[in-house]
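As structure tokens, the structure follows; a few thoughts come after it.
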Amino acid sequence: FNATDVGFIYDITGAAEFRFKFNTKIVVSQDGKTALFIFQFEKSTLDGTVLETGDGTGKGVRIEVEPLD
């Protein structure tokens, strides 16, 4: 499946300074125990000026849920 996430970087006063956007394709193995993440990111100013872009991959492994007591 695909996912888009947006987050902000804040300065020391708590004001938003930059925006990060990640577009990710996630491929889960047939047994559901591992996943491959293929992503692109974009760092921009709050007015939309793109400062940096890039891409990468990552791997994930399922962990057991640890319920709250």
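Keep in mind that what you see is a predicted model, and the values were worked out from it rather than measured.
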Problem - With N2 via side-chain contact (heavy atoms from CB on, under 4.5 Å) - residues at least two apart - result: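 Only K25 meet the side-chain contact (heavy atoms from CB on, under 4.5 Å) criterion with N2.
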Exercise for the section: Quick one: list whatever passes side-chain contact (heavy atoms from CB on, under 4.5 Å) with I9, sequence neighbours left out. Expected result: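 If we apply the side-chain contact (heavy atoms from CB on, under 4.5 Å) test to I9, skipping adjacent residues, the hits are F18, F20.
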Handout entry: Listed once per pair and sorted, the salt bridge (charged side-chain N to carboxylate O under 4.0 Å, His left out) pairs that draw on residues 27-43, sequence neighbours left out
Key =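 Qualifying pairs: R19-E42.
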Completion exercise
To the nearest 0.5 Å, atom OG1 of T24 lies from atom CD1 of I38 at 9.5 Å
Handout entry: Nearest atoms (heavy-atom pairs only) where A35 meets I26
Key = CB-CG2, 4.3 Å
Problem - Partners meeting side-chain hydrogen bond (donor to acceptor under 3.5 Å, both in side chains) with N23 (sequence neighbours left out) - result: T4
N/O donor-acceptor pairs under 3.5 Å from side chains in residues 61-69, not counting sequence neighbours:
residue : atom : partner : partner atom : Å
R62     : NE   : G32     : O            : 2.8
R62     : NH2  : G32     : O            : 3.1

Which pairs would a plain distance check flag for residues 45-55, meaning a side-chain donor or acceptor within less than 3.5 Å of a matching protein atom at least two apart in sequence or in another chain?
residue : atom : partner : partner atom : Å
T45     : OG1  : D47     : OD1          : 2.4
T45     : OG1  : T49     : N            : 3.2
D47     : OD1  : T49     : N            : 3.1
D47     : OD1  : T49     : OG1          : 2.9

Exercise for the section: State yes or no: do V6 and Y10 share one hydrophobic cluster built from I, L, V, M, F, W and Y residues joined by side-chain heavy-atom distances below 4.5 Å, directly or via other members? Expected result: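 Linked, V6 and Y10 end up in one cluster.
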